[in-house]
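The next block holds one structure in the form of structure tokens; read it before the comments.
These values consider heavy atoms only, across backbone and side chains, with no hydrogens, waters or symmetry-generated copies. Please read all numbers here as calculations on a predicted model, not as lab measurements. Starting from 1, each residue takes its place in the sequence as its number.
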Amino acid sequence: MGWDPITKAGRPGLPPNLDDYEKVYERFGWDEARAAMDGLPGGRGLNIAHEAVDRHAGGPLAGRVALRCLDRHDRITELTYAGLREETCRFANVLRGLGVRKGDRVFSLLGRVPELYVTALGTLKNTSVLSPLFPAFGPEPIRDRLRLGDGKVLVTSPELYTRKIAQIRDELPGLRHVLVVGGAAAPPGTVSYREAMDGADPVFEIPPTGPEDMALLHFTSGTTGTPKGAVHVHEAVVAHHATAAYALDLRRGDVFWCTADPGWVTGTSYGIIAPLTHGATLLVDAAEWSRGRWSRRS
């Protein structure tokens with residue numbers, strides 16, 4: 001049985017990245033895909049955060065908007081690539097100040113706010129391991145993942161901490177630090193994210209990072225039993241970049257919105273990493289799901 005191929009119109013004056021599948025298939029090679037990445041300066045390896053942020057922040061895209069966030073009150077916050085480099089460097093230095101090192105697990109439990117993206121990329125800069133959690137999870141699924149993933153740091157909001165973390169905190173002896181985003185005052189036993197960031201240096205040199213070094217720890221849904229952790233290494237950025245070019249036709253200057261929450265793998269791979277590696281603007285709308293407006297920008 002045959003079917004009509006899925007096609008999409010090219011942009012005025014620009015052919016699609018995948019103009020002819022057979023020709024692209026014949027010429028594609030992973031060595032060429034790897035060559036699209038800059039690598040860390042001085043041949044120090046390959047780090048996702050450098051490919052997504054720093055290499056653009058040091059060039060002609062420094063002033064381009066990397067992250068445009070619309071909050072629930074329709075207020076817009078923008079971070080250029082240069083601004084995102086500074087914020088992610090600050091967060092990497094916050095982690096260093098807390099004694100968090102290479103391979104240590106940093107979990108996030110946040111809605112789609114700018115701090116979520118800074119946490120994700122700053123963690124990768126520090127060569128720590130990011131494990132994003134879906135904010136709709138209840139206390140038990142959160143506890144299971146923090147325990148299985150050996151979470152050392154959690155970044156969350158005061159509301160989510162009070163409703164979902166405080167009651168299980170005693171069951172997580174390995175969770176040493178909780179940073180809370182927003183709120184008038186940090187709940188007892190937590191640290192204000194903003195205060196920590198305000199005191200951090202905006203300059204950070206990414207340590208040597210091997211392509212096979214662990215970068216992300218995603219968990220399965222747990223619907224068929226105990227959730228299972230899936231490891232993603234820093235070299236996964238090569239596949240994220242290549243597939244975003246061919247499957248999503250992403251390129252420099254695009255404005256991209258991803259429906260998937262970063263708590264799931266698609267929302268990290270294609271909702272954070274891939275658009276930024278292409279020098280696109282990532283559109284984040286925290287109001288879409290709560291107001292039922294998600295179809296407006298689809």
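- In summary, the aromatic rings of Trp257 and Tyr270 are positioned with their centroids too far apart to meet the 6.0 Å limit.
- Under the 6.0 Å distance and 45° angle rule, Arg96 does not count as a cation-pi partner of Phe204.
- Of the N and O atoms on the side chains of Thr277 and His241, at least one donor lies less than 3.5 Å from an acceptor on the other residue.
- Here Cys89 contributes atom SG and Lys125 contributes atom NZ; the two are 3.0 Å apart, rounded to the nearest 0.5 Å.
- Across all non-hydrogen atoms, the minimal contact from Ala196 to Leu179 is CB-CD2, 4.4 Å.
- With salt bridges taken as basic N to acidic carboxylate O contacts below 4.0 Å, none links Glu32 and Arg27.
- Salt bridge annotation for Arg112-Asp285: absent, with no cationic side-chain nitrogen under 4.0 angstrom from a carboxylate oxygen.
- Under a 4.0 Å N-O distance rule, the pair Arg55/Asp38 qualifies as a salt bridge.
- With hydrophobic clusters built from ILVMFWY side chains whose heavy atoms lie under 4.5 angstrom apart, Tyr117 shares a cluster with Val181.
- The pair Glu159-Lys164 fails the salt-bridge criterion, with no side-chain N (NZ, NE, NH1 or NH2) lying under 4.0 Å from an Asp/Glu carboxylate O.
- Each of Pro141, Pro227, Pro132 was checked for a side chain to side chain contact (heavy atoms under 4.5 Å, CB included) with Phe219, and the lone residue meeting it is Pro227.
- Taking a 6.0 Å sphere around CD of Glu195, one finds it holds 12 or fewer heavy atoms contributed by other residues, nucleotides or ligands.
- By the 30° and 60° cut-offs, the orientation of the rings of Tyr21 relative to Tyr25 is parallel.
- A donor-acceptor contact shorter than 3.5 Å links the side chain of Gln167 to the backbone of Arg163.
- Side-chain contact between His218 and Trp264: absent, with no pair of heavy atoms (C-beta onward) separated by less than 4.5 Å.
- The residues Arg194 and Glu87 are annotated as salt-bridged, a charged nitrogen and a carboxylate oxygen being separated by less than 4.0 angstrom.
- Legend: residues meeting salt bridge (Lys or Arg N to Asp or Glu O under 4.0 Å) with Lys228, ordered by chain and number and at least two apart, are absent.
- Asp254 places a side-chain N or O within donor-acceptor distance of the main-chain N or O of Arg251, the cut-off being under 3.5 Å.
- Distance alone, capped at 3.5 Å, is enough to place a donor-acceptor pair between the Asn126 side chain and the Val100 backbone.
- Note that CG of Leu124 is 9.5 Å distant from OG1 of Thr209, once rounded to the nearest 0.5 Å.
- Electrostatic pairing of Arg101 and Asp104 does not count as a salt bridge here, judged by no charged N lying under 4.0 Å from a carboxylate O.
- Using modelled atom types, one finds no donor on one side chain facing an acceptor on the other under 3.5 Å when comparing Asn93 with Asp201.
- Each of Val238 and Leu40 belongs to its own hydrophobic cluster when Ile, Leu, Val, Met, Phe, Trp and Tyr are linked at side-chain heavy-atom distances under 4.5 angstrom.
- The cluster map of Ile, Leu, Val, Met, Phe, Trp and Tyr, joined by side-chain heavy atoms under 4.5 Å apart, puts Phe107 and Leu130 in different clusters.
- A search for ring pair (Phe, Tyr, Trp, His ring centres under 6.0 Å) contacts involving His56 returns Tyr81, not counting sequence neighbours.
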